[in-house]
Amino acid sequence: MKRAAIAEFFRRLAQANPNPTTELEYATPFQLLVAVALSAQATDRSVNLCTRKLFALAPRPEDMLTLGEAGVTECIRTIGLFRNKAKNVVALSRLLLERHGGEVPHDRAALEALPGVGRKTANVVLNTVFGDPVMAVDTHIFRLSNRTGLAPGKDVLEVEHALMRRVPKEYLKDAHHWLILHGRYVCTARKPGCGRCIVRDLCDFRDKVD
DNA sequence: ATCCCGAGGG
DNA sequence: CCCTCTGGAT
């Protein structure tokens, strides 16, 4: 996709959805961090069903320690990878209390040092909690970036760097959510909704489907 | 490269 | 049945 097409691509997504945000439910930075850590290989909808119960019982890191791994497991049993995630949520809460006074650090290295938090989760927190202009490349953004030709790359890190180079600066902060939502509801994995896509004419994939 | 791992959709 | 869902650790 050429530079002019990329600018038009984001102009349209911006007009369609001026204030994009996450569909994960949370009340505090800590809760967003936990929700994102739980969202690996799970839909936002199924994560929200878990976190409603979980955050009602344990809204803060110290409550998460009291609830314990068994209690957390009970709340999140309905999403995949729940054993690893329950262990991580408790350990992550303990580390936040020990190293950061229970607050979520505005620091990539500190975030990635938390159990169950890798580059993608750290980037979502940096973007959504602190408003940093960073791209978190998840399954949707990886697929859409390659399929449309917006920012091709053989792995997520390559796509992230391509996006940082190619997305116009003024759109960088919101681009994360625009791409997620477009990937989730229009440019889906199995059967892309090209017929209702507002950027179809800009897309490298437009004639390879239907 | 492999494991983890439930729910929903087709 | 198979594929997908805001991945991370080993």
Side-chain angles (χ1 to χ4, degrees), chain A residues 13 17 20-26 29-54 69 72-96 104 108-148 150-151 153-160 163-164 167 172-193 209-210:
Chain A
L13 293 181
N17 186 2
T21 185
T22 179
E23 294 185 329
L24 292 170
E25 297 170 5
Y26 67 100
F30 169 69
Q31 292 181 11
L32 176 73
L33 171 61
V34 171
V36 177
L38 293 178
S39 73
Q41 307 289 277
T43 60
D44 278 12
R45 207 172 66 83
S46 59
V47 171
N48 287 336
L49 292 177
C50 293
T51 54
R52 278 173 208 160
K53 295 184 287 184
L54 182 61
E69 191 178 322
V72 174
T73 301
E74 193 57 34
C75 293
I76 71 169
R77 195 179 285 287
T78 51
I79 53 174
L81 318 178
F82 67 88
R83 274 182 272 266
N84 286 336
K85 288 173 181 175
K87 197 181 303 287
N88 286 336
V89 166
V90 173
L92 161 167
S93 300
R94 182 173 293 117
L95 264 181
L96 277 183
V104 175
R108 170 190 303 290
L111 288 168
E112 289 188 19
L114 300 168
V117 179
R119 185 176 184 86
K120 180 260 170 180
T121 299
N123 279 346
V124 175
V125 170
L126 290 172
N127 177 286
T128 303
V129 172
F130 299 107
D132 292 354
V134 301
M135 297 295 311
V137 180
D138 69 331
T139 181
H140 294 301
I141 297 188
F142 183 76
R143 175 183 68 250
L144 191 154
S145 296
N146 277 298
R147 180 186 280 166
T148 62
L150 171 66
K154 66 179 186 316
D155 55 47
V156 292
L157 195 58
E158 208 172 285
V159 169
E160 179 183 330
L163 286 166
M164 294 301 286
V167 178
L172 207 44
K173 184 176 75 67
D174 288 330
H176 169 69
H177 294 297
W178 282 326
L179 295 179
I180 292 271
L181 295 171
H182 193 66
R184 180 176 300 162
Y185 294 114
V186 182
C187 195
T188 51
R190 286 234 193 141
K191 205 165 80 67
V209 74
D210 292 345

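Every chain is numbered from 1, with letters handed out A, B, ... down the list of sequences. Keep in mind that this is a model prediction, so the values were computed, not measured.
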- Between B/dA7 and C/dG8, how far apart are the P atoms? Round to whole Å, please. 23 Å
- Query: A/N88 has an atom CG; how far is it from atom P of C/dT10, in whole Å?
  - Reply: 9 Å
- Point-to-point distance, once rounded to the nearest 0.5 Å, from NZ of A/K173 to CG of A/L126: 13.0 Å
- Ignoring hydrogens and geometry, is there a side-chain-to-backbone donor-acceptor pair from A/N17 to A/L13 under 3.5 Å? no
- Reckon A/T188 touches a base, only the sugar-phosphate, or nothing at all at heavy-atom distances under 4.0 Å? nothing
- Which part of the nucleic acid does A/V137 contact within heavy-atom distance under 4.0 Å: base, sugar-phosphate only, or nothing? nothing
- Take nucleotides 5-10 of chain B nucleotide by nucleotide from the 5' end and write B, S or -, depending on whether a protein heavy atom sits under 4.0 Å from the base, only from the sugar-phosphate, or from neither. BBSSBS
- Note on the structure: Separation of C/dC5 atom P from A/L181 atom CG, nearest Å, is 14 Å
- Atom pair CZ/CG of A/R184 and A/L179 - distance to nearest 0.5 Å: 12.0 Å
- Query: Got a donor-acceptor contact below 3.5 angstrom from the A/N123 side chain to the A/V134 backbone?
  - Reply: no
- A/K191 NZ to C/dC2 C1', straight-line distance once rounded to whole Å: 17 Å
- Between A/A136 and A/P115, the residue closer to the 5' end of DNA chain C by nearest nucleotide is A/A136
- Query: In whole angstrom, what separates A/D155's CG from C/dG7's P?
  - Reply: 15 Å
- Note on the structure: A/L38 CG to C/dC5 P, in whole Å, measures 18 Å
- Can you tell me the distance, in whole Å, between the NE2 atom of A/H140 and the P atom of C/dT4? 12 Å
- Message: Walk me through whether A/T128 and A/H176 qualify under side chain to side chain donor-acceptor pair (under 3.5 Å).
- Response: CA-CA 9 Å; A/T128 303; A/H176 169 69; 5.0 Å; no
- Just how far is it from atom NZ of A/K53 to atom CG of A/N48, taken to the nearest 0.5 Å? 12.5 Å
- Query: Contact class for A/V124 (heavy atom, under 4.0 Å): base, sugar-phosphate, or nothing?
  - Reply: base
- Message: Tell me the interatomic distance from A/L92, atom CG, to C/dG7, atom P, rounded to whole angstroms.
- Response: 17 Å
- Comparing A/H176 with A/V117, nearest DNA chain C nucleotide closer to 5' gives the residue A/H176
- Item | Option from A/L157, A/V156, A/D155, A/L163 for which side-chain contact (heavy atoms from CB on, under 4.5 Å) with A/V159 holds | A/L163
- Rounded to whole angstroms, how far apart are NZ on A/K120 and C1' on C/dA9? 16 Å
